[in-house]
2 protein chains.
Amino acid sequence: MTDENASYAAVLRLFRAQSFLEARLGPPLASVHGLGLNELMLLMQLARAPLHRLRRVDLAAMLNASQSTVTRMALPLEKTGFVKRESDPRDARVAYVVLTKAGRAIVDQAEDTLRQMSTELFRDRWTDKEIAALGGLLGRFTAALPGEIP
Amino acid sequence: MTDENASYAAVLRLFRAQSFLEARLGPPLASVHGLGLNELMLLMQLARAPLHRLRRVDLAAMLNASQSTVTRMALPLEKTGFVKRESDPRDARVAYVVLTKAGRAIVDQAEDTLRQMSTELFRDRWTDKEIAALGGLLGRFTAALPGEIP
DNA sequence: CGAATATACTTGCATATGGAAGTATATCGG
DNA sequence: CCGATATACTTCCATATGCAAGTATATTCG
């Protein structure tokens, strides 16, 4: 197998692994916490942001989503009270998305669930070394991206 | 970092890497070949299937998608002539999706493009060993799934 | 200062997708 | 053989998403 094919194979497998994980983890997470995976990712970005708040445009970059997607994802989260809107006194164009107390609580709970499910996924077929190696290699992709989760 | 957190970190990074790759590779692929990534994945499954054909239900399992999604993805592909519909003489419920000559051609071209873009992604920041390691580890996920791409 | 440009966000439109219900066919158990 | 159940597919409805256009505000440059 040439280098080119190795890169290609890695990309294809990443796509497959992702669609599997989404199908495997998404529905249980939603049924337990009422949160989609993408909604959780949004809330997690807020949870680790300074002041628990981010501009929509920055959130979009962190989530690899469009601005309109962020605008509309924020609506139901506001309804349920997990985030609230805040304006910037120095720039009237900006509408921050701010994590509320309730939002912080649901993130913690949902992250616990996702952590458990992740552990379960690897249990019995992976060594600690392999898991760490996979995380490390994937980190080489994500390290350069905005919104890295430490 | 505990084992649990290592699994979780790997899963989170996989999500992030995937959304990045989709944003990075999808649009160029679509503009060059007029094919979305998911459409290409569907055609690739057909390209490697016996007789270049698959039942919709099997295609859905391979793509981690619902049956209705496959039904509707096939429609524009039929319009453009990349696939055609075929029935099973022994089971009238089945409607095969069959790759056409034109479909085979577009898969080859689009795969070439994706291969090049994948290579470009890793160039200059990854060693051959790292790429192979990443592909190998991801393969531990995907190996057990239906529709593994060899 | 003021016009041109850039930025942040929202909205309209088109596409993509899942789940549930509906239809047709096949298989199973008595 | 026949009713009950299972399977394959499609369609309906609701949600999710991107892009382009629209609105409001900021910044830049002459």
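Chain naming here is simple, since letters A, B, ... match the order of the sequence lines and numbering starts at 1 in each.
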Quiz item: Counting only distance, no hydrogens or angles, is the base of D/dC19 paired donor-acceptor with the side chain of A/Ser68 under 3.5 Å?
Solution: yes

Self-check item: Short side-chain N/O contact to D/dT10 OP1/OP2 from B/Thr71, under 4.0 Å
Solution: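 Yes, B/Thr71 has a side-chain N/O under 4.0 Å of OP1/OP2 on D/dT10.
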
Quiz item: Does A/Arg56 place a side-chain N or O at less than 4.0 Å from the phosphate oxygens OP1/OP2 of C/dT10?
Solution: yes

Quiz item: Of B/Gln67 and B/Pro27, whose nearest nucleotide on DNA chain D comes first from the 5' end?
Solution: B/Gln67

Quiz item: Given that A/Glu39 and A/Pro89 both sit by DNA chain D, which one's nearest nucleotide is further toward the 5' end?
Solution: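 The residue closer to the strand's 5' end, by nearest nucleotide, is A/Glu39.
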
Quiz prompt | Pairs where residues 92-113 of chain B contributes a residue and the test ring-ring contact (aromatic ring centres under 6.0 Å, His included) is met, not counting sequence neighbours | solution =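 Sorted result for residues 92-113 of chain B: empty, none.
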
Using atom [atom1] of [X] as one end and atom [atom2] of [N] as the other, report the distance to the nearest whole Å.
X	N	atom1	atom2	value
A/Tyr96	C/dA8	OH	C1'	11 Å
A/Leu75	D/dT17	CG	C1'	14 Å
A/Leu37	D/dT17	CG	P	11 Å
B/Asn38	D/dT17	CG	P	14 Å
A/Leu59	D/dT17	CG	C1'	15 Å
A/Asp58	C/dT7	CG	C1'	12 Å
A/Leu42	D/dA16	CG	C1'	14 Å
A/Met73	C/dT10	CE	C1'	15 Å

Quiz item: Do A/Ser68 and A/Arg72 meet the criterion of a side-chain donor-acceptor pair at a distance under 3.5 Å?
Solution: yes

Self-check item: Check: B/Glu120/B/Gln116 side-chain N/O donor and acceptor closer than 3.5 Å
Solution: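 No, because no side-chain N or O of B/Glu120 sits under 3.5 Å from a partner of the opposite role on B/Gln116.
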
Nearest to side-chain heavy atoms of [X], which nucleotide of [options]:
X	options	answer
B/Val57	C/dG12, D/dA8, D/dT10	D/dA8
B/Ala95	C/dT25, D/dA26, D/dC9	D/dC9
B/Arg72	C/dA26, C/dT17, C/dA8	C/dT17
A/Val94	D/dA8, D/dA26, C/dA8	C/dA8

Quiz item: Under the side-chain hydrogen bond (donor to acceptor under 3.5 Å, both in side chains) rule, what pairs show up with a residue in residues 27-51 of chain A, not counting sequence neighbours?
Solution: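 Checked against side-chain hydrogen bond (donor to acceptor under 3.5 Å, both in side chains) - neighbours excluded - the pairs reaching residues 27-51 of chain A are A/His33-A/Thr113.
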
Practice problem: Give me the ring orientation class for A/Phe122 and B/Phe141: parallel if the planes are under 30° apart, tilted from 30 to 60°, perpendicular past 60°. | Solution: perpendicular

Quiz item: NA contact type, B/Arg55, heavy-atom cut-off 4.0 Å: base, sugar-phosphate, or nothing?
Solution: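 Sugar-phosphate, no base atom in range.
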
Please list, pair by pair, any protein nitrogen or oxygen found under 3.5 Å from a nitrogen or oxygen in nucleotides 3-6 of chain C.
none

Quiz item: Less than 4.0 Å between a side-chain N and a carboxylate O, is that true for B/Arg140 and A/Glu130?
Solution: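 B/Arg140 and A/Glu130: salt-bridged.
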
Quiz item: Quick one: does A/Val98's side chain get under 4.5 Å of A/Leu46's, heavy atoms only?
Solution: no

Exercise. Determine, stepwise, if the pair A/Phe82 / A/Val107 fulfils side chain to side chain contact (heavy atoms under 4.5 Å, CB included).
Key: CA-CA 9 Å; A/Phe82 295 148; A/Val107 171; over 6 Å; no

